[in-house]
Protein chains: 2
Amino acid sequence: MATMRDVAAAAGVSSKTVSRVLNSDPHVHPSTRARVEAMMRELDYVPNSLATTFRSGRSSVIGVAVPDIVDPFFASIVRAVEHVALARDMSTLVTSLGEDPTRERLILESMLRGQPSGIVVAPISGDQSFLAAWSLRLPIVFVDRPPLGLSADSFTQDNFAGAFTATMHLVEHGHDRIGFLGDTVTVPTTAARLHGYRSALQAAGLSADDELIAMGAGTRASAACALQTLRGLARPATAVFSSNARCTMALLPLADPMSIVTFGDFPLADVLRPSLTVMAQDPAELGRLAAHRILDRLDHPNRRFRRSTVLPVHLVERESCVVPEDPADRASGPPPTATRSQTDGASLLV
Amino acid sequence: MATMRDVAAAAGVSSKTVSRVLNSDPHVHPSTRARVEAMMRELDYVPNSLATTFRSGRSSVIGVAVPDIVDPFFASIVRAVEHVALARDMSTLVTSLGEDPTRERLILESMLRGQPSGIVVAPISGDQSFLAAWSLRLPIVFVDRPPLGLSADSFTQDNFAGAFTATMHLVEHGHDRIGFLGDTVTVPTTAARLHGYRSALQAAGLSADDELIAMGAGTRASAACALQTLRGLARPATAVFSSNARCTMALLPLADPMSIVTFGDFPLADVLRPSLTVMAQDPAELGRLAAHRILDRLDHPNRRFRRSTVLPVHLVERESCVVPEDPADRASGPPPTATRSQTDGASLLV
DNA sequence: AATTCACATGTCACCGGTGACATGACGAGT
DNA sequence: ACTCGTCATGTCACCGGTGACATGTGAATT
């Protein structure tokens, strides 16, 4: 593994000159440059970016920590950050935080010890105050979920309004018993969506019974259980607002006639039959904004930025919301939104 | 940003002693240790892992380069590597290689300059010979796709056998005109799958006409076009072997009655109606094996390992393969494998 | 001829831990 | 009392580039 000094010795110059050649310093004689370059090639020299990085005190790496890279939502965020970083010749250190909130701190601190230029975090725990000391030294930007117990840049979506709109959409289709599906209330995203759901019911003059709210519905088994409960109520639910794509995907294999709106679009949501009506988010934009904020903070340490940016979400209306079936009158005409009949959908693939 | 020497000065000891405390060296007096630890807390000292890393000459990072992290297949590989790395207190540097084969080298070399302990690559270009020099210095392990122009460890799947089985499965259902869908032949994976497909047709005594083979079918538009062509043939195709999940997902919105088998399982493949019969791969296993190989190579520099490991893939039979419809005889009885009728499937969601 | 200056190149310290080796102190064993 | 070993701690160089600053050389300017 040839170092700069090896090249220098071979070319009969000082290591500084090699450094100059490497950084295309204009004050190097063409012939010297040629000689050095030849030697670099011959010794098949590769600069050790660890050394450069170390000396400069900061690695040109943007850390990204998300709950789970396999989730396409977070994967999109990661890819967007990566893309912005690449354009600035920086790289990306990715970590999944997993499910265990107590590990968040360990994972993030280990990432921070590597002296990244900045980090982008979609947190899983309920307290990021431990990042306060770090945020003095490098830009820390939150995506999807705002920081708790800490003031820092964040790019989130309008979860409240999105949930409100989604629930209203179901109400407008005539549903008055609408279930809520989510994983954990401790995640602020879910809390805000629950809040939006409740507000919509209230605005519509409907009661938001707790029995309509099913948490921990992130797996197929638990979603099945939740669904059964919703159906078994004295006044059964006829529709569901699923607060995230994971719950929806868990629900899909078993949800028979029931209207659904989901928070968050996902691959194939438009291909299912019926296709799913969703509140579309834009994870790539979230990632892009976060990455740019890191760069902006780095470039302009003294500039002030708006701390919290909330992106709108919008309703993508597809087929999964229909007027509830009236048991007394099965011939009540076609549902207003379903543009394809059920049998149509059935033949799509075979 | 306090350094070790700051702590040392504050505690009235040498920096080496602080280093010892940090590394829990037993030869430190308890009282000294306490004093140093107190000072570390007071100055809110954080070790600079860049320095340690630099001195040791190798960062405890495993680099992972995949075509696209948003693809759940590659995301699973990444997560598996991450998981193994974490257990060894190493971190993971992730990069997407993207679509452009000419950029592969640049991206990988930039990653390598960071002196990772090893890298895991799912390459996109047709030549990795430039990695030869690097592979002398650190373990380079290929996943999903074998290296080209280079001898290195690889963990792949049995693409040939998988494609053979998948195609045979369609043949056994009575199809004699089976189309092939893929993106690029230059990717060895696709080439092997095409080969398996051809061999199966040949083994079945069917002709593998070039007109049945549609490449570049990775987007919805191109998949639509390919499908139209296959349907418009003098002897139209009645079934399709899709060589990867991306093509399948592109095909889904528009494939009406046509039997499909896909290489690679993906989320929701079992929820679609009809659910998709697939050749299931195990990306997480691939990632796990690759990561362990990196660690093994690191731990046992002199041990010899089997270079190439090929994992089997297996058929997951679902509903998307049916006996071709005989135009002359529509009452030819139920298809042998479809366990749910089409109308059954239709009512699953509403 | 003296002065100035752009240019080509070199010297050296430094970034922050840590390995190799040194030192001093004290208790145990002969 | 002397040697030896263990413990607690210190010194110093080094990992590989690079910034600050110095030096030397020849051409242009006065």
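Lettering of chains follows the sequences in order, A, B, ..., and the numbering in each one begins at 1. For clarity, every value in this text was computed on a predicted model and none was experimentally measured.
- B:Arg33 places its CZ atom 14 Å from the P atom of D:dC7, with the value rounded to the nearest Å.
- A close approach under 4.0 Å does occur between a side-chain nitrogen or oxygen of B:Thr17 and OP1 or OP2 of D:dG10.
- Residue B:Asn48 contributes atom CG, which lies 18 Å from atom P of C:dC14 at whole-angstrom precision.
- A residue-by-residue look at A:Met4 and B:Val13 shows that B:Val13 has its nearest nucleotide of DNA chain D further toward the 5' end.
- The residues A:Asp71 and A:Arg246 are annotated as not salt-bridged, no charged nitrogen and carboxylate oxygen being separated by less than 4.0 angstrom.
- Here the C1' atom of nucleotide D:dG19 and the CG atom of A:Asp25 are 12 Å apart, to the nearest Å.
- The side chain of B:Ser15 contributes no N or O atom lying less than 4.0 Å from OP1 or OP2 of D:dG10.
- Applying the side-chain hydrogen bond (donor to acceptor under 3.5 Å, both in side chains) test between B:Ser125 and each of B:Arg103, B:Arg105, B:Glu104 identifies B:Glu104 as the sole match.
- One interatomic measurement links the two molecules: NE2 of A:His29 to C1' of C:dA6, which rounds to 15 Å at whole-angstrom precision.
- Listed pair A:Asn23 / D:dT18 meets the phosphate criterion, a side-chain N or O lying under 4.0 Å from OP1 or OP2.
- Distance A:Arg58 CZ to D:dT18 C1': 18 Å, rounded to the nearest Å.
- A 4.5 Å side-chain heavy-atom check between B:Ile107 and B:Met111 finds every atom pair outside the cut-off.
- Taking the nucleotide of DNA chain C with the nearest heavy atom to each of B:Lys16 and B:Phe54, the more 5' of the two is matched to B:Phe54.
- Atom CG in B:Leu22 sits about 12 Å away from atom P in C:dG19, given to the nearest Å.
- When distances run from any side-chain atom of A:Thr3 to the nucleotides C:dC7, C:dG16, D:dG16, the shortest one goes to D:dG16.
- For the pair A:Ser19 and D:dT18, the criterion of a side-chain N or O lying under 4.0 Å from OP1 or OP2 is met.
- For the side chain to side chain contact (heavy atoms under 4.5 Å, CB included) with B:Ile124, the qualifying choice from B:Thr186, B:Leu97, B:Val187 is B:Leu97, the only one to do so.
- In this structure, B:Val78 and A:Val94 have side chains that are not in contact, with every pair of non-hydrogen atoms separated by 4.5 Å or more.
- Within the structure, a side-chain polar atom (N or O) of A:Ser14 is placed less than 4.0 Å from OP1 or OP2 of C:dG10.
- Between B:Asp6 and B:Tyr45 there is no side-chain heavy-atom pair separated by less than 4.5 Å.
- Remark: C1' of D:dG16 and CD of B:Gln115 are 10 Å apart, rounded to the nearest angstrom.
- A donor-acceptor contact under 3.5 Å is formed by the side chain of B:Arg20 with the base of D:dG10.
- Dashed line: the shortest gap from a side-chain N or O of A:Thr32 to OP1 or OP2 of C:dT9 is under 4.0 Å.
- Taking 4.0 angstrom as the limit, B:Thr52 places none of its side-chain polar atoms (N or O) nearer than this to OP1 or OP2 of C:dG16.
- Between the CZ atom of B:Arg55 and the C1' atom of D:dG17 there is a distance of 16 Å, rounded to whole Å.
- Using a 4.0 Å heavy-atom cutoff across all strands shown, B:His27 reaches at least one base atom of the nucleic acid.
- Judged by atom type and distance alone, A:Arg5 reaches the base of D:dG16 through a side-chain donor-acceptor pair under 3.5 Å.
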